[in-house]
2 protein chains.
Amino acid sequence: MKALADILAELSKGGFRITRARRSMIEVLIGSRLPISAEGLLASLIKQKVPANKTTVYRELTFLKERRIVQEIQFLHERVKRYEVVFGSHHHHLICMGCKSVEDVELDGELEKYERDIMKSRGFKVLNHALEFMGLCEACR
Amino acid sequence: MKALADILAELSKGGFRITRARRSMIEVLIGSRLPISAEGLLASLIKQKVPANKTTVYRELTFLKERRIVQEIQFLHERVKRYEVVFGSHHHHLICMGCKSVEDVELDGELEKYERDIMKSRGFKVLNHALEFMGLCEACR
DNA sequence: CATATTAATGCAACTTAGTTGCAATAGCAA
DNA sequence: TTGCTATTGCAACTAAGTTGCATTAATATG
């Protein structure tokens with residue numbers, strides 16, 4: 001995952017402006033241990049006295065998605081979308097149905113075997129996948 | 001997957017009424033090759049001259065979900081929810097990013113290995129999972 | 001068959017999550 | 001310091017789904 005300064009430098013080089021809202025939003029996204037919703041992000045900005053508005057938040061998230069700086073995540077048990085800074089490595093989530101916490105897991109490599117099988121047996125070329133596990137975390141069991 | 005008559009008998013036995021809307025909705029769900037949205041379901045009823053209303057559709061879907069007759073599916077590339085009759089066997093979806101078609105795949109058993117690993121290494125008890133593959137179907141490649 | 005019970009329905013009004021047009025504001029290169 | 005234009009904020013809108021309440025209709029029972 002990239003550091004704040006790198007992201008800002010990259011954007012600046014691209015001719016985009018480093019506004020207070022943009023900087024703070026990226027900071028919050030980097031600092032958030034879990035994927036955060038647009039609403040959560042807005043609340044976080046307001047708490048930090050950064051003037052922001054939901055339109056700005058949504059527009060900035062679209063902007064950051066387009067630049068592959070953040071990625072959008074849809075958990076199946078939720079209706080809202082969440083966002084996280086793009087990681088170097090692809091990963092999945094463990095969602096606790098008790099306390100609603102989310103942990104990351106990495107377990108690729110094996111899934112690619114499935115993807116090759118799907119290609120072979122169906123002629124379907126897999127370009128991406130989404131996998132999440134729902135259950136109970138250590139504390140909630 | 002159960003047949004219409006079985007489902008209706010089950011509901012009737014449970015003290016629920018077999019109304020025109022309920023019968024038609026279950027018929028459409030059974031007949032739909034792919035998971036269908038609430039809106040699609042409503043359109044389908046209206047086309048068949050079955051008087052129905054979106055409130056009824058949503059309430060009936062909730063009812064059928066509670067009874068484990070249908071299951072709700074959230075595709076990551078869509079904002080609407082879709083519904084399908086619960087299958088005997090758990091399966092996943094191949095979503096074509098070209099033509100938006102959806103195919104089913106079964107590839108469990110192996111995923112359970114992951115789930116055991118997650119339990120062992122993290123203490124997280126997996127109760128359910130969701131997996132979908134995005135890519136290009138044979139025709140769209 | 002008649003009819004009472006209450007499950008199911010329809011309407012309208014509401015909520016939540018996100019989007020859009022447009023005028024105002026503010027980064028930043030010069 | 002200033003001009004260009006990227007970014008912002010507001011208010012109004014859309015899409016998807018939900019809720020309260022009065023009405024209708026499926027069905028068990030006499």
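Quick caveat, the model's predicted, so the values are computed rather than measured. Here is how names work: the chains are called A, B, and so on, in the same order as the sequence lines, proteins then strands, and each is numbered from 1.
- In terms of polar N and O atoms assigned as donor or acceptor, the side chain of A:Arg59 never comes within less than 3.5 Å of the base of C:dT19 in a complementary pairing.
- To the nearest angstrom, P of D:dA15 lies 18 Å from NZ of B:Lys81.
- Atom CD of A:Glu39 and atom P of C:dT15 are 15 Å apart (whole Å).
- Distance CD/B:Gln71 to NZ/B:Lys81: 14.0 Å, rounded to 0.5 Å.
- Using a cutoff of 4.0 Å between basic side-chain nitrogens and carboxylate oxygens, B:Arg122 and A:Glu138 are not scored as salt-bridged.
- Computed from coordinates, the B:Leu42 CG to D:dA16 C1' distance equals 13 Å when rounded to whole Å.
- Looking at A:His93 and A:Asp104, their side chains do bring a donor and an acceptor atom within 3.5 Å of each other.
- Nucleotides of DNA chain D nearest to B:Ala38 and A:Pro51 differ in position, and the one nearer the 5' end is that of A:Pro51.
- Proximity of A:Thr56 to the phosphate of D:dG9: a side-chain N or O atom is located under 4.0 Å from OP1 or OP2.
- Nearer the 5' end of DNA chain D, as judged by each residue's closest nucleotide, is the contact made by B:Arg79, out of B:Arg79 and B:Ser12.
- In the set C:dT9, D:dT7, C:dG10, C:dT9 carries the atom at the smallest distance from any side-chain atom of B:Glu60.
- Under a 3.5 Å cut-off, the side chain of B:Arg17 and the backbone N or O of B:Arg22 do not form any donor-acceptor pair.
- Nearest to the side-chain atoms of B:Thr19 among the listed nucleotides D:dA26, D:dT5, D:dA16 stands D:dA26.
- B:Thr55 comes within 4.0 angstrom of a nucleotide base, judged by non-hydrogen atoms across all strands.
- Taking atom CZ on A:Phe16 and atom P on D:dT8, their separation rounds to 12 Å, with Å as the unit.
- The shortest distance between the side-chain N/O atoms of A:Tyr58 and the OP1/OP2 oxygens of C:dG18 is below 4.0 Å.
- Taking the nucleotide of DNA chain C with the nearest heavy atom to each of B:Lys54 and B:Gly15, the more 5' of the two is matched to B:Gly15.
- Taking only side-chain nitrogens and oxygens, A:Arg22 comes nearer than 4.0 Å to OP1 or OP2 of D:dT7.
- Regarding A:Arg17, its CZ atom lies at a distance of 10 Å from the C1' atom of C:dT25, rounded to whole Å.
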**Request:** Show the numbers, then the answer: is there a side chain to side chain contact (heavy atoms under 4.5 Å, CB included) between A:Ile7 and A:Ile30?
**Result:** CA-CA 10 Å; A:Ile7 294 175; A:Ile30 287 180; 4.0 Å; yes
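- Following rounding to the nearest Å, A:Leu11 (CG) and C:dG27 (P) show an atom-to-atom distance of 15 Å.
- Distance, B:Arg67 CZ to C:dA7 P: 12 Å, rounded to whole Å.
- Rounded to a whole Å, the CG atom of B:Leu45 is 14 Å from the C1' atom of C:dA8.
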